[in-house]
Amino acid sequence: MENIYNPYENVLKVMDEAVELGGLSTDMYEMIRHPQRELKVYLPIRMDDGSVKVFEGYRVQHSNIRGPFKGGIRFHQNTDLNEVKALATWMSLKCAVVNIPYGGAKGGITVDPSKLSKTELMRLTRRYTFAIESIIGPDKDIPAPDVNTNAQTMAWVLDTYSMLNGKPCPGVCTGKPLELGGSKGRPSATGRGVVISTKLILAEHGEKLEGTKIVIQGFGNVGANTARIAFHRGAVIVGLSDVSGAIRCKDGLDADEISKFVEEGHLLSEYESEGVEHISNDELLLTDCDVLIPAALENQITDKNAKDLKCRYIVEAANGPTTAEADSILKDRGIVLIPDIFANSGGVVVSYFEWVQNIQILTWSREQINKMLEDILTKAFADIKAVVAKQGCTWRMGAYIVALSRLITANEVKGLFP
Ligand code: NAD
């Protein structure tokens, strides 16, 4: 019988392995294996044609032991409670590995947003915010954008929450428009962090970003910003994809031109240029390159394709793109993988900067933000590297050991209530 991928079981498997390898106390670890709270809400929405539809939404709060819960909101037809639980757990690990004072949470609605009008999406977002209002807040749980949500979604979250609380509450979410307290550098922060991670691991092997051949799966907020920033720093983008399909060009794609094309409302399958071939997403993953960057969804690099990948490095921009089975194949093949909880943490780090600016009523410059982001990631990379060197383990195990030891220690210091 085929093995059905379960993202939450996947994260538990990886955490269990890291706890054993790192010799971490298993007593308090039991708490980290379970989220603190799962909320499921039903959201009735008046559709534009006058009918009423009810959507299912979730907010999972995994841990607030190191600070307020933090994590994005995803709109996707395949989103379910199990996926949101895994995403919330990864958020706790991510905030711990880069050592920012947040816990982890995630939210989602099971919906294909491409089938809703803008006004329907606004009503759905506002109703969802109303439904989770009692458990979120600037010092409780701070949402942000994720797949198929953006600054506009956050503007609706902010406005609904602020109206319910009778005052402007800019710190209730991050990834907001600049005009509503958003931070400079936030829209591109996750992609910038992915490029910094790529640069750091290449440097570790005496290589440079310039001239490095990169393939990126997914061309949304994270994929497109990763492509543009890497392209500006001299990398050669040999393949890109979105939900419509993939494009490939061995001499390199112009990430600026393609970003503009997509911003105008096109899909990558419609893009034509000299030397560009159209391929499937499956073929894209098997393209010859130095660095493969999955930046779409979970469960993309599996035991089915891991043995055929033709890259030397994988930098996980998406959350959970690689299964635990694929991990062990990649390890045997000597493919170096930089894990999601570190590689895509640029978004939550700059979200943290946005929140700090909001609660202190401050504004920082883009240069200041980008410099602080690079400093935090460089420090976290060094922390992971020390564990990798000591244990002789993969970078994923190194990152998990750093994150879990911080979470376990925080739990131990606090003790159990009652
Ligand atoms: P997005 O909605 O902006 O973009 C998603 C992209 O993936 C789109 O281009 C879409 O067409 C493409 N896609 C969807 N299904 C695909 C498939 N089967 N094959 C190929 N492409 C496909 O989402 P995003 O914010 O860029 O998030 C992408 C990933 O990065 C997710 O795993 C998310 O959790 C993670 N992430 C996002 C942030 C952030 O700040 N937005 C931060 C950390 C991690």
Side-chain angles (χ1 to χ4, degrees), residues 7 70-79 83-84 86-91 93-95 97-98 104 106-108 111-114 143-154 173-176 182-183 185-194 197 215-228 239-247 258-259 261-263 265-271 279-285 292-302 305 315-322 339-352 354 373 377:
K70 182 85 187 85
I73 299 171
R74 175 175 292 196
F75 289 176
H76 196 273
Q77 59 276 19
N78 297 336
T79 289
E83 179 187 64
V84 177
L87 289 162
T89 312
W90 283 317
M91 284 307 298
L93 294 165
K94 196 177 301 184
C95 295
V97 84
V98 289
K106 205 84 178 189
V111 60
D112 179 352
S114 68
D146 190 69
V147 173
N148 291 328
T149 55
N150 52 29
Q152 174 63 79
T153 322
M154 292 306 113
C173 60
T174 57
K176 302 177 291 287
S183 176
R186 176 60 184 91
S188 57
T190 309
R192 187 171 300 280
V194 173
S197 309
V215 164
I216 305 173
Q217 182 202 38
F219 202 71
N221 173 290
V222 180
N225 280 299
T226 301
R228 265 190 329 94
L240 291 172
S241 74
D242 66 10
V243 73
S244 71
I247 53 174
I258 298 170
S259 294
F261 181 76
V262 169
E263 273 162 26
H266 299 288
L267 291 166
L268 287 183
S269 56
E270 300 162 31
Y271 181 77
I279 53 172
S280 70
N281 251 301
D282 289 348
E283 285 173 277
L284 178 93
L285 296 177
L292 173 62
I293 304 185
L297 295 169
E298 302 92 69
N299 195 25
Q300 299 300 308
I301 301 172
T302 67
N305 59 10
V315 178
E316 293 187 322
N319 285 306
T322 312
D340 46 7
I341 61 166
F342 171 71
N344 71 31
S345 64
V348 75
V349 170
V350 178
S351 273
Y352 166 58
E354 179 175 333
L373 170 64
L377 293 188

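This structure is a prediction, so every number in the text was calculated from the model and none was measured. Order of listing sets the numbers, starting from 1, for every ligand and every atom in it.
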Minimum-distance protein heavy atom relative to atom 24 (P) of ligand 1: Val222 CG2, 3.9 Å

Exam field: side chain Gln300 to backbone Glu298, donor-acceptor pair closer than 3.5 Å: yes

Ser280 and Asp282: side chain donor to acceptor below 3.5 Å: no

Protein contact of atom 40 (O) of ligand 1 - nearest heavy atom, named by residue and atom, plus distance: Thr190 OG1, 2.8 Å

Rounded distance (nearest 0.5 Å) linking atom CD1 of Ile293 with atom OG1 of Thr226: 6.0 Å

Donor-acceptor pair, side chain of Asn225 and main chain of Asn221, under 3.5 angstrom: yes

Residue and atom name of the nearest protein heavy atom (relative to atom 15 (N) of ligand 1), distance in Å to one decimal: Leu297 CD1, 3.6 Å

Where ligand 1 meets Asn344 - atom numbers and elements under 4.0 angstrom, heavy-atom basis: 43 (C), 44 (C)

Distance filter under 4.0 Å to Ser241 heavy atoms, resulting ligand 1 atoms: 20 (C)

Check: Asn319 N/O within less than 3.5 Å of ligand 1 N/O: yes

side-chain contact (heavy atoms from CB on, under 4.5 Å) evaluation trace for Tyr271 with Leu240: CA-CA 11 Å; Tyr271 181 77; Leu240 291 172; over 6 Å; no

For atom 2 (O) of ligand 1, closest protein heavy-atom neighbour: Asn148 N, 2.7 Å

Taking atom 33 (C) of ligand 1 as the reference point, the nearest protein heavy atom with its distance: Asp146 OD1, 3.1 Å

Nearest-neighbour protein heavy atom for atom 14 (C) of ligand 1, which is reported as residue plus atom name and distance: Val243 CB, 4.0 Å

Contact check: Phe219 vs ligand 1, nitrogen or oxygen atoms, below 3.5 angstrom: yes

Per-atom contacts of ligand 1 with Asn281, taking only distances under 4.0 Å to non-hydrogen atoms: 19 (N), 20 (C)

Nitrogen or oxygen of Glu298 less than 3.5 angstrom from that of ligand 1: no

Nearest neighbour in protein (non-hydrogen) for atom 31 (C) of ligand 1: Ala296 O, 3.1 Å

Numbered atoms and elements of ligand 1 in range of Asp242, under 4.0 angstrom, heavy atoms: 9 (O), 11 (O), 20 (C), 21 (N), 22 (C)

Thr190 side chain vs Gly346 backbone, donor-acceptor pair below 3.5 Å: no

Contact check, Arg186 vs ligand 1, heavy-atom distance below 4.0 Å: yes

Arg74 and Thr149: CA distance, side-chain angles, deciding distance, side-chain hydrogen bond (donor to acceptor under 3.5 Å, both in side chains) verdict: CA-CA 6 Å; Arg74 175 175 292 196; Thr149 55; over 6 Å; no

Heavy-atom gap Arg74 to ligand 1 smaller than 4.0 Å: yes

Cationic N near anionic O, under 4.0 Å, Arg228 to Glu263: no

Between Asn344 and Asn319: side-chain donor-acceptor atoms closer than 3.5 Å: yes

Minimum-distance protein heavy atom relative to atom 8 (C) of ligand 1: Gly220 N, 3.8 Å

Backbone N/O of Phe75 and side chain of Thr79: donor-acceptor pair under 3.5 Å: no

Subset of ligand 1 atoms that lie under 4.0 Å from at least one heavy atom of Ala317: 30 (O), 35 (C), 44 (C)

Ligand 1 versus Ala224: contacting region, heavy-atom distance under 4.0 Å: neither

Under-4.0 Å protein heavy-atom contact, atom 18 (N) of ligand 1: no

Lys94 backbone acceptor or donor facing Asp340 side chain under 3.5 Å: no

Distance-only donor-acceptor check, side chains Asn150 and Thr153, under 3.5 Å: yes

